[in-house]
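The structure under discussion appears below in the form of structure tokens.
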Amino acid sequence: MPELPEVETTRRGIEPHVKGKRVTDVIVRQRQLRWPIPKNLKRLLVGQVVSSVERRAKYLLLTTKAGTAIVHLGMSGSLRVVNKKSMPELHDHVDIVLSSAKALRLRDPRRFGALLWVKGDPMQHALLKGIGPEPLDDVFDAEYLYRKSRGRRVSVKQFIMNSHIVAGVGNIYASEALFLAGINPVRQAGRVSRARYVKLVGAIKHVLTKAIKFGGTTLRDFTHEDGKPGYFANELNVYGRQAEPCPQCGTAIKLRVQGQRATYYCALCQAG
DNA sequence: AATCGCGCCTGACGGC
DNA sequence: TGCCGTCAGGCGCGAT
């Protein structure tokens, strides 16, 4: 499941192959992703030079003079740099063919991803406009999170997964950060102390930074631009480890569902 | 304004 | 073996 570290890993992987290259063709094999891929994408993109490859939240932004392609990897998406002559496989929905020998290939078995186009400032696009600060940005600090959380009755886990509060924290890293901070995931966001938000912000930054260093977490579909997996799955303390011993205290890791999503936690270490 | 639940989609898995 | 139901989950959206 691509979360921020996986998208950032992808961005870093594709950037050297894409930036400064001209788009020579766009091949769409499956248009029906979360939203349909614009029918005129090929006309818009062909001939354009990709001037930058950026990330905002879990969105990738391929910017040209004419506009920006917005890519979301959804649940199962990956972007690979392939030889432009290599045969597409099942679920390889789009090739963005480049002026080099390469093509950027979007694979997305579950098709929860998206490939959209925006003219002008991409940050003004409806999908990006309301998104909260980047978690690795300095403006994302304990004071911000504390202030935003006052009066909120949702669980602290759902609170930090709200992209309007902070960008890019998904289900895996929310569980991991709450474990590192020793916070009970079901506690109401508005009832978490300032001191605990200091710990939580530190934990979020730490786990995301570390996951990027490991090239992200590959559980099933996610791969790097070269098709290789990320290795952070080995570093996960609680996610997916129901009934395994807590790495801190040995108590069995628990699983519960919050907002229709699995939360993994240690009831002893995260009593607070 | 905040919160809740739905639905998009495929592949893996368990039960029979 | 094979079929079928269930689950996984990011996240926008509509309803409350």
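In this text the structure is predicted, and so the values were computed from the model without any measurement. Protein chains get the first letters and strands the later ones, always in sequence-line order, with residue 1 at the start of each.
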Need one value for [X]: base, sugar-phosphate or nothing, where a base atom within 4.0 Å counts as base even if backbone is also close, heavy atoms only.
X: A:Tyr59; value: sugar-phosphate
X: A:Arg261; value: base
X: A:Gln260; value: base
X: A:Leu127; value: sugar-phosphate
X: A:Ala126; value: nothing

If you compare every side-chain N and O of [X] against the phosphate oxygens of [N] (OP1, OP2), does one of them come in below 4.0 Å?
X: A:Tyr173; N: C:dG10; value: no
X: A:His91; N: B:dT10; value: no
X: A:Lys58; N: C:dG10; value: no

Stepwise side-chain hydrogen bond (donor to acceptor under 3.5 Å, both in side chains) check, A:Ser155 with A:Gln158: CA-CA 5 Å; A:Ser155 70; A:Gln158 289 169 288; 3.0 Å; yes
A:Thr263 and A:Lys157: side chain donor to acceptor below 3.5 Å: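 There is such a pair between these side chains.
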Before accepting this row, confirm whether a basic side-chain N of the pair [X]/[Y] lies closer than 4.0 Å to the acidic partner's carboxylate O.
X: A:Arg29; Y: A:Asp95; value: yes
X: A:Arg147; Y: A:Glu143; value: no
X: A:Glu225; Y: A:Arg80; value: no
X: A:Glu134; Y: A:Arg55; value: yes

Whichever of A:Gly259 and A:Leu255 has its nearest DNA chain C nucleotide further upstream toward 5': A:Leu255
Between [atom2] on [N] and [atom1] on [X], what's the gap in Å once rounded to a whole number?
X: A:Phe159; N: B:dC4; atom1: CZ; atom2: C1'; answer: 17 Å
X: A:Met75; N: C:dA8; atom1: CE; atom2: P; answer: 11 Å
X: A:Gln258; N: C:dA8; atom1: CD; atom2: P; answer: 14 Å
X: A:Arg256; N: C:dG9; atom1: CZ; atom2: P; answer: 15 Å
X: A:Ile172; N: C:dG10; atom1: CD1; atom2: P; answer: 7 Å
X: A:Asp108; N: C:dG9; atom1: CG; atom2: P; answer: 16 Å

Presence of donor-acceptor pair under 3.5 Å, side chain of A:Arg110 and base of C:dA8: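 Check passes, donor-acceptor contact within cut-off.
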Polar side-chain contact A:Arg34-B:dC9 base: donor and acceptor under 3.5 Å: no
Nearest to side-chain heavy atoms of A:Met161, which nucleotide of B:dT3, C:dG12, C:dG10: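 Of the candidates, C:dG10 comes closest.
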Side chain of A:Asn171 - closest among C:dG9, B:dT3, C:dG12: C:dG9
Comparing A:Arg152 and A:Pro109 on DNA chain B - which has the more 5′ nearest nucleotide: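 Upstream on the strand: A:Arg152.
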Near-parallel close stack of A:Phe112 and C:dC11 base (under 5.5 Å, under 30°):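 Stacking is absent between C:dC11 and A:Phe112, given that the ring centres and planes do not meet under 5.5 Å and under 30°.
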